[in-house]
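Below is one structure, written out as structure tokens; comments come after it.
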Amino acid sequence: MPELPEVETTRRGIAPHIEGQQVSQVIVRQEKLRWPVSPEISTLLPNLHIHQVRRRAKYLLLDTDKGTLIIHLGMSGSLRITDASTEPEKHEHIDIIFTNNTCMRYKDPRRFGSFLWSSSPVEKHKLIQQLGPEPLSESFNIDDFYPKIQLKKAPIKSVIMDGHIVVGVGNIYASEALFQSGIHPKRTANNISKKRLVNLVSAIKEILALAIEQGGTTLKDFVNSSGNPGYFQQKLNVYGRANKPCLVCDTPIKQIVIAQRSTFYCPHCQR
DNA sequence: CGAGCAACCTGCATGC
DNA sequence: TGCATGCAGGTTGCTC
């Protein structure tokens with residue numbers, strides 16, 4: 001499920017339950033994720049306090065005195081808050097249990113996610129260090145974006161999904177942002193006017209911000225729920241709407257493949 | 001170096 | 001009903 005808005009929604013859902021809490025026990029039922037679960041999560045994390053839950057790109061960062069737990073939800077990962085006495089369901093691979101018996105439980109059927117440990121500072125960690133700007137921050141702006149784009153002759157959709165350029169734009173919102181800004185997903189990145197790229201930057205910010213805002217409404221269900229915020233009933237204009245009429249011009253939406261990922265666009269609205 | 005794509009997994013919808 | 005196939009919200013790291 002996780003695109004950036006889902007990860008941020010997860011962060012907001014778990015933070016009030018675990019910030020300031022002391023870990024009492026960690027249970028790893030399945031250590032084979034995208035990478036093996038770091039052993040420090042079993043050996044070092046117990047007895048430490050979680051000071052803060054942060055997000056960088058689609059990574060959740062749980063800070064302690066001795067380092068940071070880096071969690072990525074991959075394609076199918078989710079976290080929920082439950083009680084340590086509840087029985088784990090299928091594919092619930094990891095429990096972080098706290099001294100007040102709260103349990104943060106990780107479920108991930110496809111196991112593309114990760115639980116990694118970083119001795120502080122986490123900003124130096126291999127996976128974190130190379131990340132581009134946060135889409136919702138000032139550091140993602142046209143003055144930095146435009147010159148970077150001039151070096152790219154890949155399809156614009158691939159470029160906005162490249163975490164070195166900007167983080168957090170996943171497959172769904174890439175299609176949606178390009179529709180909103182009227183840009184054909186296959187258009188060569190360095191062949192787009194600055195004016196249109198200004199619109200693209202705005203579209204990415206608006207779409208992600210709206211999705212996060214709507215995700216907030218699901219937070220009340222975070223405890224003892226699936227913990228899966230889903231798609232927020234967000235109105236998707238093109239994603240998943242192959243052959244259906246464009247909501248603007250009625251032209252059938254097209255589905256193509258770019259860089260092995262399904263891509264949706266309106267051949268009339270997007271050039 | 002950039003671009004393309006194989007790989008890591010399970011679940012689910014579809015078609016024969 | 002059973003089985004094969006294709007597809008799925010991510011990202012690294014390999015090849016060319």
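Each chain gets a letter, A, B and so on, in the order the sequences are listed, and its residues count up from 1. Heavy-atom basis, side chains included; hydrogens, waters and symmetry copies ignored.
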- prompt: Could you go step by step and tell me if I258(A) and S158(A) meet the side-chain contact (heavy atoms from CB on, under 4.5 Å) rule?
  reply: CA-CA 7 Å; I258(A) 297 176; S158(A) 300; 3.5 Å; yes

message: Let's test this: given Watson-Crick or G-U wobble pairing with both distances under 3.5 Å, identify the partner of dC9(B).
response: none

Between [X] and [Y], does at least one N-O distance fall below 4.0 Å, as a salt bridge requires?
X	Y	answer
E92(A)	K107(A)	no
E123(A)	R54(A)	yes
K66(A)	E40(A)	no

field: Sub-4.5 Å side-chain heavy-atom contact between I97(A) and V26(A)
entry: no

message: Would you measure the distance from the P atom in dC3(C) across to the matching atom in dC9(B) and give it in whole Å?
response: 24 Å

query: dC1(B) and dT11(C): how far apart are their P atoms, nearest whole angstrom?
result: 22 Å

message: Angle between ring planes, H184(A) versus Y265(A), binned at 30° and 60°: parallel, tilted or perpendicular?
response: tilted

message: Considering every strand and a 4.0 Å limit on heavy-atom distances, what is the contact class for S262(A): base, sugar-phosphate, or nothing?
response: sugar-phosphate

Round to the nearest Å and state the distance from [X] atom [atom1] to [N] atom [atom2].
X	N	atom1	atom2	value
Y239(A)	dG10(C)	OH	C1'	12 Å
L73(A)	dG10(C)	CG	C1'	10 Å
F264(A)	dA8(C)	CZ	C1'	11 Å

- line: Quick tally for nucleotides 11-16 of chain C: nucleotides whose base has a protein heavy atom under 4.0 Å get B, sugar-phosphate-only ones S, the rest -, giving BBS---

field: Trace of the salt bridge (charged side-chain N to carboxylate O under 4.0 Å, His left out) decision for E6(A) with K58(A)
entry: CA-CA 9 Å; E6(A) 286 86 344; K58(A) 292 171 189 164; over 6 Å; no

- prompt: Which nucleotide span of DNA chain B, 5' end to 3' end, has atoms closer than 4.0 Å to non-hydrogen atoms of chain A?
  reply: dA3(B) to dG11(B)

- prompt: Side chains of K157(A) and N171(A): donor-acceptor distance under 3.5 Å anywhere?
  reply: yes

- prompt: Pick the nucleotide of DNA chain B nearest each of K90(A) and L33(A); which residue has the one closer to the 5' end?
  reply: L33(A)

- request: Might you confirm whether atom NE2 of H268(A) has over 12 heavy atoms from other residues, nucleotides or ligands at distances under 6.0 Å?
  value: no

